[in-house]
Amino acid sequence: MSEKAFNPTELLICSASRLMPDNTTAFIGTGVPMLAASLAQKMHAPNLVTIFEFGGTGAILDDLPMAVGERRTFHKAVVASGIRDIVETAQRGFIEYGFLGGAQIDPFGNLNSTVIGDHDHPKVRLPGSGGANDVGSHCWQTIAIMRHDRRRFVEKVDFITTPGYLTGPGAREAAGLPPGTGPYRVVTTLAVMGYHPDTKRMMLLATQPGVTVEQVVENTGFQLVIPDDVERNQPPTEEELRILREEVDKDRLYI
Amino acid sequence: MSEKAFNPTELLICSASRLMPDNTTAFIGTGVPMLAASLAQKMHAPNLVTIFEFGGTGAILDDLPMAVGERRTFHKAVVASGIRDIVETAQRGFIEYGFLGGAQIDPFGNLNSTVIGDHDHPKVRLPGSGGANDVGSHCWQTIAIMRHDRRRFVEKVDFITTPGYLTGPGAREAAGLPPGTGPYRVVTTLAVMGYHPDTKRMMLLATQPGVTVEQVVENTGFQLVIPDDVERNQPPTEEELRILREEVDKDRLYI
Amino acid sequence: MEVIQSGIGELIQPPDINAFREWNRKKQKAMVDKRMTEAEAVRRFIHDGDYIGTELYGTVRCPQSVVNEIVRQGVKDLRVAGQGVYELDILLAAGLVKALDITYIGLEVYGISNCLRREVESGRVDTCIEWSNAGIAWRFKAAAMGVPFIPVRSMLGTDTLKYSAAKVVECPFTGIPICLLPALVLDVGIIHVHRADMYGNAQVDGIQGFCAELARASKTLIVSTEEIVPNEEIRRNPDRTLIPYYLVDAVIEAPYGSHPGEMCYVYERDEEHIKEWVEASKDPETTQTYLDKYIYGVKDHQEYLALIGEERLQYLKQIVPER
Amino acid sequence: MEVIQSGIGELIQPPDINAFREWNRKKQKAMVDKRMTEAEAVRRFIHDGDYIGTELYGTVRCPQSVVNEIVRQGVKDLRVAGQGVYELDILLAAGLVKALDITYIGLEVYGISNCLRREVESGRVDTCIEWSNAGIAWRFKAAAMGVPFIPVRSMLGTDTLKYSAAKVVECPFTGIPICLLPALVLDVGIIHVHRADMYGNAQVDGIQGFCAELARASKTLIVSTEEIVPNEEIRRNPDRTLIPYYLVDAVIEAPYGSHPGEMCYVYERDEEHIKEWVEASKDPETTQTYLDKYIYGVKDHQEYLALIGEERLQYLKQIVPER
């Protein structure tokens, strides 16, 4: 199958989906994470426990939710509770993975979804934290899903909406965030990245199909840790694309 | 009707019942308050909103509860929730009356239901606070229901389980208890008492039928404020006794 | 127990928990008929400058018929809590919002809110204090508990905290830093439910969002409901009641009250209508046209439903899947 | 934010919320069959010296079949949270309790507990730390929230606070004194419910007591249930689920599991049996006779039910009134 046979959104969905292991708990936000979770349930993770902010735990994603509170987020779920129950469950340490987006990300994985420019006189007023700060504070491992360009990958975000590693090693713990939590992966249209275990700075792990290390570096507004071995992320398989197109998003609302 | 035609428990029930106005909220503990509330609903207060600690709000007391969590406490109720919802409702200022008992009471209405003697080496280990401390902290007006003798009405209780006026005027507020709350009445086998508005010390309001002021004073282990006018509490009416015996407690479990 | 950090944001609604208790003491405890129209409820209970909040989430179980009436009556200088999608977008579009305790206002899958951008970037919304989603729910919970603050581990280390009115203290039991969120008491809360009796005892199906918390954090509470049921029905299943009558000041019968949003198990959301709004909201002029047609141009919720049309509304019920 | 007062009571179970997070992280997230007998659950999960708690309230939806098994296995030096009627009385009667975070142990309408008196006055229970009823529920809630403390306005000004491990601080928002209760994490929580599936998803009818809080505050959770239902039934009404499977370590099918207590809508409490216990408990010798007959003398819950007798059990169902 040719590498052109899928679009960037499909690539993001398939890459994120592979980061959702079976029998784990995952906090699912609007958009790509929903599609990825649905795909994961239909591919390798039938028992992925999806957790939606406003109360749904363990929904079966037969149909794709259009909003984080709507009935598909608790369709055939094991529990339909409320926002506090969900976020307190995360705060208590029960949720392994959290999937997030953002307008800007910095080398320590801090995310901005609040403002571009000055807070009190913003150039662009963005939606705000929503559940992102909660997810980034409490889930054990957070995964950011973003389009990749220099305006988004910046040395310093205009506003830290959601905590990554803040200013570096030890900073989360010093701020009072639960020890052992933090950013885990960044999935983009160009690459999959992790964080250097010592410096907590973003580190390239794999390039997306057809993308070179140089292209990733060029499109990143800060110095990325480049290890000796950079893997090549496998393109979406035919099976992934078929399920995504024919079952997950058959009305093509997102893809 | 002769004053001997009722027993002390019946007298306590009828006296307490009259302190439950229609269309008010009342926090109801085990025993006499349950009977009083049922009687009140069947007499003058059909819309008395009974509130039981473990979750029942607005039950219709057709049958008499034997325990504060059992099904009669939420029989045909408008809400069946849980203990936190109930006590937080009180903490938020929604519950007007709270009915309490205790092994000892002092001139400021402080109640002991924890120990007789030293806490760590008690002569008698009593059950403990239960909901009493919560009721006495949050309800606007608390009403103690007790048998009246010098062992129970003491200058200093062995242990302040539940706050009355603590050490006197201003002490509740200084301790952080909600302003405007506190003991309101004490209903006993000998008298009905209130509190002096300035000194917050217990004050005789009315003697029970056939009881003299002297008898009340004799049976009280501290100096009671005795106003010029002491009323005589009316004995239970025939109607009250009939309903109490034939409807409220027809199996004579309590009376 | 040292205060380590204080957010620089304004405390728009200070947590005077004793005053809230006094207010609650005076609320009526009798069960009386509280049924009224949206027009009456808004006229009587929502005033210029009030601090309000809506539940659940934008297009999900949203009290839209009441929000539309606020717009029709032009209640202005509103201070608003929380997160929203369509409903807060409409209030912003109508220029009625002055200050926000904000966590998220956007259009979810359809992207960022143009109305929010226009109102905030122009300075017409003059105050934006930042919180997380759970942060706002927890602030309601603190008020609902009747305490002035609640401890959490959200927001720590971020600008979200810096531009909030939260404080960080050292926990006196463990020594770890803990974020304290101030209680948030609403002048008026607005909630749409599946069923309520005429007194205001209300039940919802499916997820509960932050219904219980917002109801208990509101000085005045307006409940709109898909249907009004007899009190006996409530009393048969009291363990389903999330809102006790004594919290409630107005009960509004509003079938399809959440339209174009959904009401789980009853009707689906009107995706076409939402897309119409998304398109209209991109430009001030088309925004105004939309408001003229769907809100200013109709007298009340009944006329609104007639405008949407019986066929469309029936369709939204028919496509509800089996449970 | 100054600490104004600290209770002098021992913090029996310190609120190490980070350790609780680590524990919860390791709990299994897969849905696996957790059905087992009382004997297996107690053997595997409750050990000498453990800190345990039961829900709901003594004779109401009480996990009695599990408590009886604890007595049969003689798990000792237990540290116990909270309030109880019959169930904690039985543990005390058997001499298995070493320390109490106590709020109420008594026999409600039948008066004070003779077993409590004997065990505490003799010093066999060597620690009694005082709390209010809601205080204990709030302490569970703090653990369930994942924070080390929770602010309340109970206990202030009293000896209940003095002999607790609570602290009073000055509120940094309002300046008023506020009581902080430390989170309470249980080694083992035990809850009896109306229905659960084999994975542990559990639902109760009627009042919820502090079921949700205790379940979420427990490192290990044992759920006994009147009946085990298919997972599909849980998924049809997920808004009824109070306990998600991932909290649960053991699911025990225990019809009449609350006997002699009640299970609302299913069976009434066995007043005659309770009176038999009240009488027996007055004297150490008759107490032992009672334990010998009803607990040590039977092998398991099934034998216990046979001893009580089918006729009596059926009667307790027949007298359940209409809802």
Atom group of [X] that falls short of 4.5 Å from chain C, counting heavy atoms:
X      : answer
A:A171 : neither
A:T114 : side chain
A:L166 : side chain
A:V79  : neither

Whether [X] side chain and [Y] backbone form a donor-acceptor pair below 3.5 Å:
X      : Y      : answer
A:Q91  : C:V152 : no
C:D159 : A:T161 : no
C:S132 : A:N133 : no

Closest non-hydrogen atom pair, [X] against [Y]:
X      : Y      : result
A:G69  : C:V60  : O-CG1, 3.3 Å
C:A137 : A:I83  : CB-CG2, 3.7 Å
C:L116 : A:L126 : CD2-O, 3.7 Å
C:P177 : A:A174 : CG-O, 3.6 Å
A:A175 : C:G157 : CB-CA, 3.8 Å
C:T59  : A:A67  : OG1-CB, 4.5 Å

Gap separating the [atom1] atom of [X] from the [atom2] atom of [Y], nearest 0.5 angstrom:
X      : Y      : atom1 : atom2 : result
A:H138 : C:S154 : NE2   : OG    : 3.0 Å
A:S129 : C:L161 : OG    : CG    : 11.5 Å
C:E55  : A:F54  : CD    : CZ    : 8.5 Å
A:I86  : C:N133 : CD1   : CG    : 12.5 Å
A:R84  : C:Q208 : CZ    : CD    : 11.0 Å
A:D120 : C:I8   : CG    : CD1   : 7.0 Å

Which atoms of [X] are under 4.5 Å from chain A, going by heavy atoms: the side chain, the backbone, both sets, or neither?
X      : result
C:E268 : side chain
C:R269 : side chain
C:E213 : side chain
C:T158 : both
C:I176 : neither
C:E322 : backbone
C:Y265 : side chain

> Do you know which of C:C179, C:G135, C:G209, C:G82 has the most heavy-atom pairs under 4.5 Å to chain A?
Replying inline: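 The answer is C:G209.
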
> Highest number of heavy-atom pairs under 4.5 Å with chain A: which of C:L56, C:I112, C:V109?
Replying inline: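 Sorted descending by pairs with chain A, the first entry is C:V109.
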
Can you find a heavy atom in the side chain of [X] that is under 4.5 Å from one in the side chain of [Y]?
X      : Y      : result
A:L177 : C:M155 : no
A:S137 : C:R153 : no
A:S113 : C:Y104 : no
C:P321 : A:R71  : yes
A:F52  : C:I207 : no
A:M66  : C:E108 : no

>> In terms of relative ring orientation, are A:F159 and C:Y163 parallel, tilted or perpendicular, with 30° and 60° separating the classes?
In response: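 The arrangement is tilted - the two ring planes meet at 30° to 60°.
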
> Under the side chain to side chain contact (heavy atoms under 4.5 Å, CB included) criterion, do A:V124 and C:E121 qualify, and how do the steps go?
Replying inline: CA-CA 7 Å; A:V124 184; C:E121 293 165 21; 4.1 Å; yes

> What do the steps show when you test A:E88 against C:W138 for side chain to side chain contact (heavy atoms under 4.5 Å, CB included), and what is the final call?
Replying inline: CA-CA 10 Å; A:E88 290 167 11; C:W138 276 317; 2.9 Å; yes

>> With a 6.0 Å cut-off (strictly less than), is the heavy-atom count around CZ of C:R124, excluding the residue itself, greater than 12?
In response: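 Check passes, neighbour count above 12.
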
Greatest number of heavy atom pairs closer than 4.5 Å to chain C - which of [options]:
options                       : value
A:G56, A:G82, A:S81, A:G117   : A:S81
A:T162, A:T167, A:V115, A:T30 : A:T30
A:G29, A:A80, A:G128          : A:A80
A:P127, A:G31, A:G176         : A:P127
A:A90, A:A77, A:P163          : A:P163
A:M34, A:E53, A:H121          : A:E53

> Taking it one step at a time, do A:H119 and C:K162 satisfy side chain to side chain contact (heavy atoms under 4.5 Å, CB included)?
Replying inline: CA-CA 11 Å; A:H119 177 267; C:K162 182 178 171 191; over 6 Å; no

> Where do A:R125 and C:C128 land on the side chain to side chain contact (heavy atoms under 4.5 Å, CB included) test, with the steps shown first?
Replying inline: CA-CA 10 Å; A:R125 174 68 218 199; C:C128 278; 3.8 Å; yes

